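The block underneath contains the structure these notes are about, expressed in structure tokens.
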Protein chains: 2
Amino acid sequence: MTSTHKKKGADALPLNTILEGDCIEMMNSLPEASVDLIFADPPYNLQLKGDLHRPDNSKVDAVDDHWDQFSSFAAYDKFTKDWLAAARRILKPNGAIWVIGSYHNVFRMGAELQNQGFWILNDVVWRKSNPMPNFRGKRLTNAHETLIWASKAEGAKYTFNYEALKALNEGIQMRSDWVLPICNGGERLKDENGEKAHPTQKPESLLHRVILGTTNPGDVILDPFFGTGTTGAVAKMLGRDYIGIEREEAYRKVARKRLAAVRRFDKEALQVSTSKRAQPRVPFGQLVERGFLRPGDELYSLNKRHKAKVRADGTIVGGEVKGSIHQVGAALEGAPSCNGWTYWCIKRDGKEVPIDILRQQIRSEMNN
Amino acid sequence: MTSTHKKKGADALPLNTILEGDCIEMMNSLPEASVDLIFADPPYNLQLKGDLHRPDNSKVDAVDDHWDQFSSFAAYDKFTKDWLAAARRILKPNGAIWVIGSYHNVFRMGAELQNQGFWILNDVVWRKSNPMPNFRGKRLTNAHETLIWASKAEGAKYTFNYEALKALNEGIQMRSDWVLPICNGGERLKDENGEKAHPTQKPESLLHRVILGTTNPGDVILDPFFGTGTTGAVAKMLGRDYIGIEREEAYRKVARKRLAAVRRFDKEALQVSTSKRAQPRVPFGQLVERGFLRPGDELYSLNKRHKAKVRADGTIVGGEVKGSIHQVGAALEGAPSCNGWTYWCIKRDGKEVPIDILRQQIRSEMNN
DNA sequence: ATTTCAGATGAATCGACAC
DNA sequence: CGTGTCGATTCATCTGAAA
């Protein structure tokens, strides 16, 4: 198990490997502030009692594994507190964490996240399109699980690829409820006996959305409860580096085989939509300097209620107000702020178009 | 403020009134083990900072009321602990509680529910069909809120009208994610100035589903954060008794007026299904739940030969026949089958139009 | 009377960067 | 650290005026 490549400033990181052992110990062995994202799917502490059969008398294969057994809420809380603290230490200042759980454990995780100073950004509902029904008719169909997305601290500059997620959602802002099918069919990994390799394997679609939306290519993603390696598989596909931690050799074995077969998407496919924020800043004055606008030219407001005149230093005058395109626009509209680039227009071919098109010309030149 | 009627074994209960004061004190003044259901919509502790403007520069009317301010998580936790303990004391042994919150507070509520011995039955996601967007593009649209349904203790025989909720969902088991619009339009209560009377008024459709699904007619439902009285209004419509507790006279005033105007549905309409039904294609029950139709409303057959009455769970009664809109239509026509959506009509603007137009409205929302 | 369009609004933890 | 400036950013629905 060797690192396939190294990154500057993270020399000791065992990238793209599966660490063998207890997740708290292993996280504590890593350098602090070295990881961009943590995705954690910890034991849910289901507290199941007895067997459950379907109406056709077939037995439900419940999650009764030893790793999901805790003696009390207090024991579960101590476990949660310890692994979250270890996770927080290795997160970069602008790193973030995702956790997933059900009503059995997610409230305790969420409260502890807040207690430790994580700053919750969203809770996200994974709405299962094909959940297991409630066979006894005693409760509502448990048709969702909850994820929590949190930055390391309040005010941190977390990564959020807004435009990419918006594009995923057909041009509409991505919401906090995600409709995705559970993991089954060909995606569900089997062991040598043809049994499911892991009782709670998560769908790759879920990780795809998480990783695409909240990391950049080349980021380091750690999963302390790696299981069969869904996080690693999607990270690899998307050109991110992963670190898995898993206690059980049986799961590691399946994960290693899986990861070896995964192919990275090519670089072009990993390009995502970006916001204007990521583009270089162009001072309005450059339009004058470069002759796109001349001192004395008139600008018209989008709503046609106001006019302004361009001056040689890149400020404008509208009515009594002088200043930047933003300041004058805000003053004339009585608004707290104003984006002058989209507010002010010029006449071109008889039509009025925002001056933003001039900025776009300059930006396209800069990209060449 | 006097009780309108009394129940056996609950002599001291101030039924169908609004108690004035702090909810913890008022709950402590009630006899223990006397209430069937508690619905609680406590302050969310939003911790907002500064103003937020929409892209068009209009200001968002934020929830900045004094009652939502807490100095710390510790202060909020103490508040939560105290009111939940008071609530648990007055619950009957087989009683249950619903709480609603957002990621700001729901994890702390859920953990404390478990700590006090409540037994979580489901967490339910209210997926808003028309949420407020994220204006800055910095996070996911906060498009849902979370409810928790819990019994007083593990093993308690809580009330769950499985068949009624299944009928409301057109023959499919009700899931843990509910798509409902936020409260606006005519349902949103205004004060004397035409401003919204309460910043966080919940939709009646949400309470309809809660109360129909987890109480029986005649049950006592207490709401310790009564606000403008949505819980009381729906409880009254559905033939349950309510007790409201509200600190603010301004809210109590609006609630009193509202409750006086609410009419109880007649007894027949409150009967809910107890047997299985065929599986139609679209949930007629949602028309009732959402207020497009009211229990007791009359439907007219296309040929004007028959009439039927709507019931609270989305079934109808025509002559001797009870069942879905399709079943009743078929029976009355002596036909093997019948499309109830086009067969049954309502009077609208003096004309009779098929109920299908109401379904179309809902469908257009569901496409979101 | 009917359609169209502009405006308003909803539980929201909603910048980045230079100086 | 604070302060000032640039400038990026919204979806579904309801209301009411205008056509």
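Since this is a predicted model, take the numbers as computed values, not measurements. By convention in this document, chain letters (A, B, ...) are assigned in the order of the sequence lines, proteins followed by strands, and residues within each chain are numbered from 1.
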[N] [atom2] sits how many Å from [X] [atom1], rounded?
{"X": "B:Asn142", "N": "D:dA12", "atom1": "CG", "atom2": "C1'", "answer": "16 Å"}
{"X": "A:Asn122", "N": "C:dA11", "atom1": "CG", "atom2": "P", "answer": "17 Å"}
{"X": "B:Asp68", "N": "C:dA12", "atom1": "CG", "atom2": "C1'", "answer": "11 Å"}
{"X": "B:Leu206", "N": "C:dA11", "atom1": "CG", "atom2": "P", "answer": "12 Å"}
{"X": "B:Trp126", "N": "C:dA11", "atom1": "CH2", "atom2": "C1'", "answer": "9 Å"}
{"X": "A:Phe160", "N": "C:dA16", "atom1": "CZ", "atom2": "C1'", "answer": "17 Å"}
{"X": "B:Glu145", "N": "C:dG10", "atom1": "CD", "atom2": "C1'", "answer": "11 Å"}
{"X": "B:Arg188", "N": "C:dA8", "atom1": "CZ", "atom2": "P", "answer": "18 Å"}

Given C:dC14, C:dA11, D:dT13, identify the nucleotide with an atom nearest to the side chain of B:Lys138.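 Nucleotide nearest to B:Lys138's side chain: C:dC14.
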[X]: partners by side-chain contact (heavy atoms from CB on, under 4.5 Å), with sequence neighbours left out:
{"X": "A:Val282", "value": "A:Gln286, A:Arg359, A:Ile362, A:Arg363, A:Met366"}
{"X": "B:Lys128", "value": "B:Trp126, B:Pro131, B:Glu145, B:Ile182"}
{"X": "A:Asn339", "value": "A:His326, A:Trp341, A:Thr342"}

Its dot-bracket string being built from Watson-Crick and G-U pairs below 3.5 Å, with | for another strand and [ ] for crossing, DNA chain C has the pattern .|||||||||....|||||
Check the angle between the aromatic planes of B:His198 and B:Tyr251 and answer parallel, tilted or perpendicular using the 30° and 60° thresholds.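 Ring orientation, 0 to 90° scale: tilted.
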Just N and O in the side chain of B:Lys196: are any of them under 4.0 Å from OP1 or OP2 of C:dG10?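 Answer yes for this pair, as a side-chain N or O of B:Lys196 is under 4.0 Å from OP1 or OP2.
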Partner residues of A:Lys81 under the salt bridge (charged side-chain N to carboxylate O under 4.0 Å, His left out) criterion, sequence neighbours left out: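 Salt bridge (charged side-chain N to carboxylate O under 4.0 Å, His left out) list for A:Lys81, sorted by chain: empty.
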Considering only atom [atom1], compute the distance from [N] to [M] and round it to an integer number of Å.
{"N": "C:dA1", "M": "D:dG16", "atom1": "C1'", "answer": "16 Å"}
{"N": "C:dA8", "M": "D:dT9", "atom1": "P", "answer": "23 Å"}
{"N": "D:dA12", "M": "C:dC14", "atom1": "P", "answer": "23 Å"}
{"N": "C:dA11", "M": "D:dT15", "atom1": "C1'", "answer": "23 Å"}

For nucleotides 4-11 of chain D, read 5' to 3', which letter fits each nucleotide if B means a protein heavy atom sits under 4.0 Å from the base, S means only the sugar-phosphate is that close, and - means neither? -SSBBBBB
With a distance cut-off below 6.0 Å to the six-membered ring centre and an angular limit of 45° from the axis, does B:Arg139 pair with A:Phe160 as a cation-pi contact?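 No, cation not above the ring by the 6.0 Å, 45° rule.
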Would B:Arg209 and B:Trp178 count as a cation-pi pair here, with the cationic atom under 6.0 angstrom from the ring centre and within 45° of the axis?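 Satisfied, under 6.0 Å and within 45°.
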Below 4.0 angstrom, N of the basic side chain to O of the carboxylate: do A:Lys309 and A:Asp297 qualify?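 So A:Lys309 does not pair with A:Asp297 through a salt bridge.
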Would you say that more than 12 heavy atoms from the other residues, nucleotides or ligands in this model lie under 6.0 Å from the NZ of A:Lys157, or not?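 No.
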Quick check: does any side chain N or O of B:Ser58 sit under 3.5 Å from a backbone N or O of B:Arg54, one acting as donor and the other as acceptor?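 Between the backbone of B:Arg54 and the side chain of B:Ser58 there is no qualifying donor-acceptor contact (under 3.5 Å).
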Considering every strand and a 4.0 Å limit on heavy-atom distances, what is the contact class for [X]: base, sugar-phosphate, or nothing?
{"X": "B:Gly186", "answer": "sugar-phosphate"}
{"X": "B:Pro42", "answer": "base"}
{"X": "B:Asp61", "answer": "sugar-phosphate"}
{"X": "B:Ser102", "answer": "nothing"}

Both B:Ser58 and B:Ala62 contact DNA chain C. Taking the nearest nucleotide for each, which residue is further toward the 5' end?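 In this pair, the answer is B:Ser58.
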On DNA chain C, does the nearest nucleotide to B:Asp41 precede the nearest nucleotide to A:Gly155 from the 5' side, or the other way round? Give the residue.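 This one resolves to B:Asp41.
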